[in-house]
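Take a look at the structure below.
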Protein chains: 2
Amino acid sequence: MGSDQLDAVFSALADPTRRAILARLSQGDAGVMELAEPFVISQPAVSKHLKVLEGAGLIRRERRGQARLSRLEPGPLGEAAAWMERYRAFWEASFDRLDALLDELRQADAESKGTIP
Amino acid sequence: MGSDQLDAVFSALADPTRRAILARLSQGDAGVMELAEPFVISQPAVSKHLKVLEGAGLIRRERRGQARLSRLEPGPLGEAAAWMERYRAFWEASFDRLDALLDELRQADAESKGTIP
DNA sequence: CTGATGCATAACCGAATGGTTATATAAAGC
DNA sequence: GCTTTATATAACCATTCGGTTATGCATCAG
């Protein structure tokens, strides 16, 4: 997966309106008007947000009568979570153990380079 | 946790340079010059990225001689991962569907050849 | 003290972002 | 066919972003 896909996913998630849209879609498909209802922004603004989400692969859209339903497409969320997974050990270490972990890694790195800082 | 904290974290992660900086810091603290070395951008650009990461709470910084070391602060990464966790069931289901689809295609291919491997 | 090193800050620039209003298109209802 | 409903698109605007160069400030080395 190209790094620019991660760019798009994290960038899409950076906006609270878009996160709220995803949360709404996790409860079922919805049209633009329905998605716009909880917010004070205009309909075109919501359409733009949907285009961003679609561009990041986070939703898929299809016509259904005169509506155009958005459906959650969670794959890219999994990819982003997988990227974060590399850091799980860091945030799960308790605060006092974190320093030890970093020292450990730092020392291992120094040894691999053959340098003594 | 305020939603603007998630905003800042996801927005910080949206840039590949900043993700690379975090990856580097996961191997130990580093100064600005050392962090800038792998990139073709200028030193002030790296300083700006570090300020963004610091604003998102993803790094902490302290003077060490004439250097100013950055240290990974993984807490907010955990918060962001926790937010994503709500969708885990969705993307795992999506992978299950993918497996089913692949099984289907494999079987169709085998039948078209009339062979059972 | 002087000079070099590491970093921050300011001023600037072009492109992207998030919003608006106004208008166009597509399907449904009468 | 005409109107309403749902959505997209265009044009515009202010702000933010990611980069630059130039410069200032601290700290170490001599």
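Please read all numbers here as calculations on a predicted model, not as lab measurements. Each chain gets a letter, A, B and so on, in the order its sequence line appears, and its residues count up from 1.
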[X] [atom1] to [N] [atom2], straight-line distance once rounded to whole Å:
X: B:Asp15; N: C:dT17; atom1: CG; atom2: P; answer: 12 Å
X: A:Phe10; N: D:dC17; atom1: CZ; atom2: P; answer: 18 Å
X: B:Arg63; N: D:dT27; atom1: CZ; atom2: C1'; answer: 7 Å
X: B:Leu50; N: C:dC7; atom1: CG; atom2: C1'; answer: 10 Å
X: A:Gln66; N: C:dC30; atom1: CD; atom2: C1'; answer: 13 Å
X: B:Leu35; N: C:dC7; atom1: CG; atom2: P; answer: 8 Å
X: A:Arg68; N: D:dA6; atom1: CZ; atom2: P; answer: 16 Å
X: B:Arg18; N: D:dC17; atom1: CZ; atom2: C1'; answer: 8 Å

Given [N], is OP1 or OP2 found less than 4.0 Å from the side-chain N or O atoms of [X]?
X: B:His49; N: D:dG19; answer: yes
X: B:Lys51; N: C:dC7; answer: no
X: A:Arg64; N: C:dA27; answer: no

query = Pick the nucleotide of DNA chain C nearest each of B:Ser47 and A:Ala14; which residue has the one closer to the 5' end?
reply = B:Ser47
key: Atom pair CD/CG of A:Glu79 and A:Leu58 - distance to nearest 0.5 Å   = 10.5 Å
request  = Measure the NZ-OG1 distance between B:Lys48 and B:Thr17 for me, rounded to the nearest 0.5 Å.
outcome  = 13.5 Å
ask   = Can you list the steps and then say if A:Phe10 with B:Asp15 is a side-chain contact (heavy atoms from CB on, under 4.5 Å)?
value = CA-CA 8 Å; A:Phe10 282 128; B:Asp15 186 278; over 6 Å; no
query = Using the C1' atoms of five pairs at each end, what's the angle between the two axes of the helix from C:dC1-D:dG30 to C:dC30-D:dG1, to 10 degrees?
reply = 20°
message = Is it true that, when you exclude B:Arg63 itself, more than 12 heavy atoms of the residues, nucleotides or ligands shown sit nearer than 6.0 Å to its CZ?
response = yes
Nearest-nucleotide 5' precedence on DNA chain D, B:Val52 against A:Ala67 = A:Ala67
task = For residues 36-47 of chain B, pull every pair meeting side-chain hydrogen bond (donor to acceptor under 3.5 Å, both in side chains), keeping only residues two or more places apart or in separate chains.
result = B:Gln43-B:Ser47
ask   = Closest heavy-atom contact between B:Phe39 and B:Ala20?
value = CZ-CB, 3.6 Å
remark   = Closest non-hydrogen atoms of B:Ala56 and B:Val9, given as atom of the first, atom of the second and distance, are O-CG2, 3.8 Å
key: Check against side-chain contact (heavy atoms from CB on, under 4.5 Å), A:Arg18 and A:Val46   = CA-CA 9 Å; A:Arg18 287 193 290 262; A:Val46 174; over 6 Å; no
ask   = Reading nucleotides 20-25 of chain C 5' to 3', which nucleotides get B (base under 4.0 Å from a protein heavy atom), which S (sugar-phosphate only), which -?
value = BBB---
query = Can you check salt bridge (Lys or Arg N to Asp or Glu O under 4.0 Å) on B:Arg71 and B:Glu73, steps first, answer last?
reply = CA-CA 6 Å; B:Arg71 164 161 308 197; B:Glu73 200 73 46; over 6 Å; no
